[in-house]
Each structure stands twice: as structure tokens, then as C-alpha cells.
Amino acid sequence: MMNLADSAPVTNNLLGSEADSQRTLYPYVTGTSVIGIKYKDGILFAADMGGSYGSTLRYKSVERLKSVGKHSVIGASGEISDFQEIMRYLDELILYDNMWDDGNSVGPKEVHNYLTRVMYNRRNKFNPLWNSLVLGGIKNGQKYLGTVSMIGVNYVDDHVATGFGNHLARPILRDEWHENLTYEEGVKLLEKCMRVLLYRDRSAVNKLQIAKITDEGFTLSEPYSLKTFWDFNAFKNPTLGAEGSW
Amino acid sequence: MFRNQYDTDVTTWSPAGRLFQVEYAMEAVKQGSAAIGLRSKTHVVLASVNKASSELSSHQKKIFKVDDHIGVAIAGLTADGRVLSRYMRNECINYSYTYESPLPVGRLVVQLADKAQVCTQRSWKRPYGVGLLVGGLDESGAHLYYNCPSGNYFEYQAFAIGSRSQAAKTYLERKFESFMDSSRENLIKDALFALRETLQGEKMTSSICTISILGAGEAFHVLDQETVQRLINEFEIVGEEPPADEAAAPDAEAAAEAATEGAAPDQGAAPMDI
């Protein structure tokens with residue numbers, strides 16, 4: 001199954017760096033932060049729908065939250081094409097799991113650790129999947145939420161985020177997250193974080209989705225946008241009194 | 001079974017549609033010393049008779065821990081059993097490494113069966129000459145499976161394989177309906193009684209039996225000799241009839257006390273027994 005990952009590069013000293021053209025060196029189309037939190041009935045994720053091409057906000061309908069089997073959700077930031085590749089791996093994993101047809105199923109913990117192995121192995125071959133992933137879910141009432149980075153760093157927590165979300169959203173969550181958030185409270189908390197990211201992250205776009213997973217199943221909201229307020233005094237006449245301004 | 005012209009290799013069918021080499025492999029299982037398994041909703045007990053080939057030698061290991069949640073008891077060519085146990089341990093450890101989760105026993109058993117099937121369809125191989133009683137935990141509870149040299153596998157409430165296993169099966173057939181809700185202690189007790197049946201009157205001591213157990217919240221482990229001897233004494237197995245139900249037990253207890261005093265722990269132990 002892992003052979004899909006990368007075929008052996010053509011190594012031939014006469015042609016030199018042809019082997020290098022097979023490795024990921026930099027990302028091209030990227031998604032920004034994903035945030036995930038545990039709440040009373042399960043897990044809530046939020047991510048915007050932007051796919052940036054460098055500094056251009058090029059694609060605005062990229063779904064960065066996907067369900068994985070019956071019990072898990074994945075959110076990805078980083079290279080979108082690598083996320084699509086990861087989804088192929090996961091769909092295959094779920095397919096083989098379903099084919100056993102034996103009452104056992106892979107839960108979020110198994111998916112998270114499988115992804116960790118994939119990401120770390122790719123990192124060791126200097127050909128990473130350029131993503132930071134958030135993986136969460138609930139199985140038999142047990143909630144699970146974790147993250148994996150492109151170098152294979154993995155951990156679990158009550159709230160996780162990728163990229164800028166770590167710097168802007170986690171501090172808010174550390175103060176305001178608690179067990180037994182209701183669905184409404186959870187969404188409000190995520191929106192608060194997403195609003196800060198919208199103001200402060202240049203790769204954020206104002207079109208987001210919320211994903212929810214509970215024992216009943218997975219739902220993905222229709223895309224919507226947040227209300228923003230730009231009428232701050234500090235934003236009026238920003239160059240007033242600045243060096244060289246008039 | 002008698003020799004005939006269709007039994008030379010495993011890839012030859014007989015006109016009656018049989019693969020004699022596979023059937024001969026199943027005979028090898030019947031020649032091995034007995035192994036028994038039983039399960040409740042939450043526990044699986046595997047037990048085996050250990051016959052040393054002489055008083056000077058130690059006995060062969062017939063029960064293997066495969067993982068915390070899976071154990072296997074074998075009967076037949078123990079060398080084949082050892083190799084398959086290593087395969088099972090490898091599969092479990094690889095799964096655990098990738099998924100940080102225990103391999104469901106139902107899936108391991110299918111992999112084992114597929115591996116056995118390969119040997120029934122290659123001209124340069126022979127079937128494994130060992131039957132495996134695999135006990136383990138799954139999402140849906142405790143399970144007991146029997147894997148054949150033929151590549152078939154079956155799930156059981158209780159089963160016995162090896163020589164004189166029919167006597168144990170007869171005992172288990174009488175009692176199996178109560179096993180699902182059995183307590184841990186009663187399950188062990190029934191295993192000991194079933195094992196006793198295969199001894200056909202021979203003195204039952206802890207030096208010739210091995211008992212192992214696994215369950216929800218209890219990792220697979222083999223019970224040590226003192227525990228087993230104490231259980232044997234407690235359950236008044238030495239020379240006594242098994243109680244038909246709980247009520248009969250207290251009466252037998254007083255009578256058996258005196259009889260079991262003489263069963264010293266080292267009696268009948270081969271010199272190399274640890």
C-alpha cells in the first residue's frame with residue numbers, strides 16, 4: 001500500500017540531480033490554519049476555504065476538512081495537493097478496513113498514528129508531505145483530538161491548531177476552553193478564534209466551514225463568512241503623525 | 001487412512017475431491033498432546049497437557065503469548081507452532097506500532113488461515129502440521145478460534161484438540177452453555193476439569209498441565225505452578241468427580257481435604273522442570 005507514496009527516483013550519477021526533482025522542496029498551493037476543539041458531544045473543527053498561491057489568495061472554495069470513516073475528521077493546512085494524496089491513503093485505509101466486514105473499525109487514534117507513521121517516514125526520506133494535520137473523532141463515547149506535522153511531530157490535546165492558529169487561537173482557547181462546552185458555545189469560541197485569524201493572518205479568507213463529529217456522525221457546515229469590524233479609530237488616518245507623512 | 005496414489009503431493013486432487021496431504025496434516029494435530037480452550041464474554045482460558053518425552057527432559061512449550069490481548073495453544077508439530085507463533089507476534093507488533101492499537105484477534109486469525117492456505121496450493125510446500133487454539137480480545141469481546149492446517153478457521157465457545165481430546169470435548173459439550181456468563185474462576189475450573197478428562201485416570205498435578213488466561217483488563221499470562229497446584233487441590237480434582245452443580249461442592253470438600261494432603265508439589269516433577 002505504501003508503494004503509492006513515491007516511485008524510486010532515477011539515480012544516475014551522470015544525470016546528477018534528476019533524483020532531486022522527485023522530492024518536495026517547497027509548497028505551491030497552500031491552506032492556512034485549522035483549529036480543533038473537544039466539546040461535550042464530540043469534536044468541532046474550523047478551517048477557511050482558501051488556497052493561496054504564494055501571496056495570491058487564488059482559490060476560495062477549497063474544502064480543507066474531510067471525514068475519515070465513521071469516527072474521524074481530518075483538517076489540513078499546507079500543500080493542498082499533498083492533502084489530496086493523504087486523502088487517497090486514508091480512503092484506501094478505510095476501504096480495507098471496511099472490507100474485513102467484521103465489526104471492528106479504525107478509530108481516530110488508529111488513523112492519527114497511521115498518519116504519524118506516514119509523515120515521519122516521508123520526512124526521513126527527505127520527501128515530506130508538506131502538511132500540518134489535525135485529526136479528531138469520537139468512538140464508543142471516547143473523544144480524541146490530535147495533530148501531526150510534516151516532520152512527524154504528533155501529540156494529542158483538548159484543543160489543537162496548525163500554523164498561525166497555534167499563535168493566535170491557542171491562547172484564546174487556553175483561557176476560554178473548558179470541558180462540557182455545548183455545541184453553540186463551541187462554535188462561538190471557534191468563530192472568535194477564526195475572526196482573530198482573519199484580521200491578522202494575511203493568508204486567511206473570509207469563507208469558512210465548521211465540521212462536527214459526534215457518536216451520531218459527521219456534519220460539515222455550508223460555507224459562510226464572519227462579520228468583521230474595521231471602524232476602529234486606530235485604523236482611521238493611520239499615517240497621521242508618522243515620519244515623512246503629511 | 002491408507003496409502004494411495006493421490007497422496008504424494010499437496011497439489012494433487014484425489015478423484016473424490018480430497019487433498020490427502022492436507023488431511024494427513026490434520027492427523028498430525030490429533031497425535032499431539034491435548035490443548036483446550038474456553039471463553040466467556042470477557043475471558044479466554046487456554047490449557048494444555050505437557051508430556052515430557054522422558055523423565056530426564058523438560059516438556060515442550062505449547063502455549064505462547066502473542067500479545068497482551070492474544071494467546072495461542074498448539075497441538076501437533078510444535079516446531080511449526082513455534083514458527084507460526086512468531087509470525088503472529090510479528091503481525092501484532094507491527095500493527096501496534098503503526099496504529100498504537102491492539103490487532104483485533106479476528107483479523108489475525110484470518111491472516112493465519114490465509115497463510116496456511118498458501119501451503120495447500122504450492123507444490124514446493126507442505127501444510128503446517130499444527131492446530132492452533134487462538135484466544136483473544138476484539139472490539140466485540142473475548143473470542144476463541146481454532147486454526148486448521150487446511151487453512152480453515154472456526155470460532156468456538158470451547159474446544160479441545162490433540163490426543164484424547166474427545167474426552168475433553170464431551171465434558172465441554174455438557175457445560176458450554178454456561179460459559180458465556182461464567183466467572184473467571186469458574187472458567188479456569190472448567191478448563192482444569194476438561195484437562196483432567198484427557199488424562200484418563202492419570203494423576204493430575206501442576207507439573208503436567210499449563211493454564212493460561214486473558215481477559216478485559218487482564219493481560220495474557222500463564223498461571224504459575226503453585227497457583228495451578230493450589231487450584232487443583234481446591235477444586236478437588238485429584239481422583240474426585242466434578243461437582244454437578246455448586247450445591248454438591250461443599251460436601252466433596254471435606255472428603256477431598258485428606259486425600260489431597262499427600263499431593264506434594266514436587267511429586268512427579270521431572271528433574272528438569274523449573
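Proteins get letters first, then strands, A, B, ... in listed order; numbering begins at 1 in each.
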With sequence neighbours excluded, tell me which residues meet salt bridge (charged side-chain N to carboxylate O under 4.0 Å, His left out) with Lys212(A).
none
Give, as side chain, backbone, both or neither, the part of Ser105(A) having an atom under 4.5 angstrom from any heavy atom of chain B.
both
Spacing of Thr98(B) atom OG1 and Leu115(A) atom CG [to the nearest 0.5 Å]
12.0 Å
What distance do Ser96(B) atom OG and Glu110(A) atom CD have between them, rounded to the nearest 0.5 Å?
10.0 Å
Any side-chain to backbone donor/acceptor pair from Lys109(A) onto Glu100(B)? Under 3.5 Å, distance only.
yes
Around Gln209(A), counting heavy atoms of other residues, nucleotides and ligands shown, do more than 12 lie under 6.0 Å from its CD?
yes
May I ask you to test the Asp138(B)-Asn104(A) pair for a side-chain heavy-atom distance under 4.5 Å?
yes
Identify the residues of residues 102-115 of chain B whose heavy atoms come closer than 4.5 Å to a heavy atom of chain A, ordered by number, or report 'none'.
Pro104(B), Arg107(B), Val110(B), Gln111(B)
Take atom NZ of Lys70(A) as the centre, draw a 6.0 Å sphere, and report whether it contains more than 12 heavy atoms from other residues, nucleotides or ligands.
no
With a 4.0 Å cut-off, would you call Glu139(B) and Lys139(A) a salt bridge?
yes
Side chain to side chain contact (heavy atoms under 4.5 Å, CB included) against Asp82(A), all qualifying residues, sequence neighbours excluded
Thr24(A), Glu79(A), Leu129(A), Trp130(A), Asn131(A)
Flag the pair Tyr99(B) / Leu93(A) as yes when at least one side-chain heavy-atom distance between them is below 4.5 Å, and no otherwise.
yes
Check side chain to side chain donor-acceptor pair (under 3.5 Å) between Ser14(B) and all other residues, then give those that pass, not counting sequence neighbours.
none
Taking atom NE2 of His167(A) as the centre, does the number of heavy atoms from other residues, nucleotides or ligands within less than 6.0 Å exceed 12?
no
Tyr153(B) atom OH: more than 12 heavy-atom contacts under 6.0 Å:
no
Flag yes if more than 12 heavy atoms outside Phe164(A) fall under 6.0 Å of its CZ atom; otherwise flag no.
no
